[in-house]
Amino acid sequence: MITAFVLVHAAADSIPETAQAIADLDGVAEVYSCAGNVDLIAVVKVREHEHLADVIAGGLSKVPGVRQTDTHIAFRSYASRDVEEGFSVGQD
């Protein structure tokens, strides 16, 4: 599974509607509204890299209210347990 995090700048007057429209797209697992430099963060999960273009450029970027996107593709996932185990390697 390929995971991408899409940082979305949205029109301020339509953030909830924009977030819901993004969340309704196939391939979008979650959408978070947040404070900071971006308005929304969408988590996209697809089986093949080629599908990223379909979901992001072909769908998400065209949602009304989306002003700009910045996509980051994840290489590896770490959970708190994974990180703790990684730091303890060789300490037995």
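From a predicted model like this one, the values you see are computed outputs, not experimental measurements.
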Item to check | V46 to M1 - nearest heavy-atom pair and separation | outcome: O-SD, 3.3 Å
Item to check | ILVMFWY network linking V43 to I15, side-chain heavy atoms under 4.5 angstrom | outcome: no
Next on the checklist: Looking at K45, is its backbone amide N or carbonyl O close enough to the side chain of H51 to form a donor-acceptor pair, meaning the two atoms are under 3.5 Å apart?
Outcome noted: no
Checklist outcome for this item: Heavy atoms of T18 and A10 approach each other most closely as CG2-CB, 4.3 Å
Checklist entry - Excluding sequence neighbours, so at least two apart, what forms side-chain hydrogen bond (donor to acceptor under 3.5 Å, both in side chains) with D54? => result none
Checklist outcome for this item: Taken to the nearest 0.5 Å, the spacing of E30 CD from I41 CD1 works out to 11.0 Å
Checklist entry - What is the minimum heavy-atom distance between H9 and V38, and which atoms define it? => result NE2-CG1, 3.8 Å
Checklist outcome for this item: Only residue of V44, L40, V55 satisfying side chain to side chain contact (heavy atoms under 4.5 Å, CB included) with I22 is L40
Item to check | same_hphob_cluster(F5, V31) at 4.5 Å side-chain heavy-atom cutoff | outcome: no
Donor-acceptor list for residues 60-76 side chains, cut-off 3.5 Å, not counting sequence neighbours:
| unit_1 | atom_1 | unit_2 | atom_2 | d |
| --- | --- | --- | --- | --- |
| S61 | OG | I56 | O | 3.1 |
| D70 | OD2 | H72 | NE2 | 3.2 |
| R76 | NH1 | Y78 | OH | 3.3 |

